[in-house]
Protein chains: 2
Amino acid sequence: METRRDVFQAIADPTRRAIIGMIAKQTINVNSIAEQFDISRQAVSLHLKILAECDLLNIRQLGRERLCEAKLEKLNEVHEWVDQYHKLWKERLSALKSFVEQEELQPKSTKKTNKKNANNTNKSKRK
Amino acid sequence: METRRDVFQAIADPTRRAIIGMIAKQTINVNSIAEQFDISRQAVSLHLKILAECDLLNIRQLGRERLCEAKLEKLNEVHEWVDQYHKLWKERLSALKSFVEQEELQPKSTKKTNKKNANNTNKSKRK
DNA sequence: TATATATGCAAGTATTTACTTGCGCAAATT
DNA sequence: AATTTGCGCAAGTAAATACTTGCATATATA
């Protein structure tokens, strides 16, 4: 029950994303969070524990309460991962756009055969 | 085995992230992907199925092969979710910065008691 | 001090994962 | 026509998840 535990896995659960949304606004205690959900306090507590393990939040004791504070900077890992593809995608969009525009200018002339292009099957069975 | 299935869950698995990384570069067939991993072809195939269900990739048949093509735009959902917090975090960083700077200018004078600040416990037990 | 409150810990359960192995089939290759 | 190749389907398994209920404990509060 403690093998993989990274930020990606942490935000995979919708309840945990909702929790992040709550504590991102303001630091609140465990019960206040639990009240917002239909699941038991224990279940929420476990989610908080997971989030804390992933360093997505900070729990500090204040009397009998435990205040949960978001550590949004830990989402950077996800941000960077997604961003590389986001950029790649936008790049391709504009590339496609200019391709189409160029195609409109010189129709049917020097178009190469890019039909069997995607076929990069590994014929070499090296296993 | 088909309850929750969203993009966040899809990218939670490191193998699936690796697969996305592979097909983002170029469209390749199932076996070529499977060869890159230590797990069985079936396991990879299942990951691909999950990714396809989440619309993160397109599988099209070409003869006896199945070409997997990335649909990076589907990562937008994740991008947007993370980005809101990314922005929020950066915002707070600069807010903190200007606070510190202001603090340095007028030391100890009008500093409010922001010690018991975080304590917004819901005293009203409405359940 | 007795009681209510905030919360953790432990044990137990139903589902879901992530895999595996074995089989089958259709499209290429020989 | 026979064989190889690419890949899905199905059944089975081990481990992880997401929860629950019950109990314990420390801190406020009446």
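Basis for what follows: all heavy atoms, side chains included, without hydrogens, waters or symmetry-related copies. Residue numbering restarts at 1 for every chain, and letters A, B, ... go by the order of the sequence lines.
Side-chain nitrogen and oxygen atoms of A/Ser40 include at least one within less than 4.0 Å of the OP1 or OP2 phosphate oxygen of D/dT20. In this model, the phosphate group of D/dT17 is not approached by any side-chain N or O of A/His47 to a distance below 4.0 Å at OP1 or OP2. For D/dA18, one of the phosphate oxygens OP1 or OP2 lies less than 4.0 angstrom from a side-chain nitrogen or oxygen of A/Arg16. Under 4.0 angstrom from either OP1 or OP2 of D/dT17 there lies at least one side-chain N or O belonging to A/Gln9. Checking the phosphate oxygens (OP1, OP2) of C/dG8, a side-chain nitrogen or oxygen of A/Ser45 falls inside 4.0 Å. Within the 4.0 Å cut-off from OP1 or OP2 of C/dT17, at least one side-chain nitrogen or oxygen of B/Arg5 is found. At C/dT5, none of the side-chain N or O atoms of A/Asn31 fall inside 4.0 Å of OP1 or OP2 (strictly under the cut-off).
Protein atom CD of B/Gln42 is 7 Å distant from nucleotide atom C1' of D/dG8, rounded to whole Å. Straight-line distance from the CD1 atom of B/Ile33 to the C1' atom of D/dG6: 13 Å, rounded to whole Å. Atom CZ in B/Phe8 sits about 20 Å away from atom C1' in C/dT17, given to the nearest Å. Remark: P of C/dT7 and CG of A/Leu67 are 8 Å apart, rounded to the nearest angstrom. Rounded to an integer number of Å, the gap from A/Arg17 CZ to D/dA18 P is 11 Å. Distance NZ (B/Lys49) to C1' (D/dA10): 11 Å, rounded to an integer number of Å. Distance, A/Leu46 CG to C/dT13 C1': 14 Å, rounded to whole Å. In this structure, B/Glu65 atom CD and D/dT4 atom C1' are separated by 14 Å, rounded to whole Å.
The existence of a salt bridge linking B/Asp83 and B/Lys90 is excluded, since no basic side-chain nitrogen approaches an acidic carboxylate oxygen closer than 4.0 Å.
A donor-acceptor contact under 3.5 Å links the side chain of B/Arg64 to the base of D/dT5.
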Distance-only check: which donor-acceptor pairs under 3.5 Å involve side-chain atoms of residues 41-48 of chain B, not counting sequence neighbours?
residue, atom, partner, partner atom, Å
B/His47, ND1, B/Arg16, NH1, 3.0

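Between B/Arg66 and A/Gly63, the residue anchored closer to the 5' end of DNA chain D is B/Arg66, taking for each the nucleotide with the nearest heavy atom. Of the two residues contacting DNA chain C, namely B/Arg41 and B/Ile50, the nearest-nucleotide position lying further toward the 5' end is that of B/Ile50.
For A/Asn29, counting side-chain heavy atoms from C-beta on, the closest listed nucleotide (C/dA18, D/dG8, C/dT7) is C/dT7.
Aromatic ring pairs are classed by plane angle as parallel below 30°, tilted from 30° to 60° and perpendicular above 60°; the pair B/Tyr85 and B/Trp81 is perpendicular.
Evaluation of the side-chain contact (heavy atoms from CB on, under 4.5 Å) rule for B/Asp55 yields B/Lys71, B/Lys74 as partners, not counting sequence neighbours.
Residues B/Glu65 and B/Asn29 have side chains that bring a donor and an acceptor to within less than 3.5 angstrom of each other.
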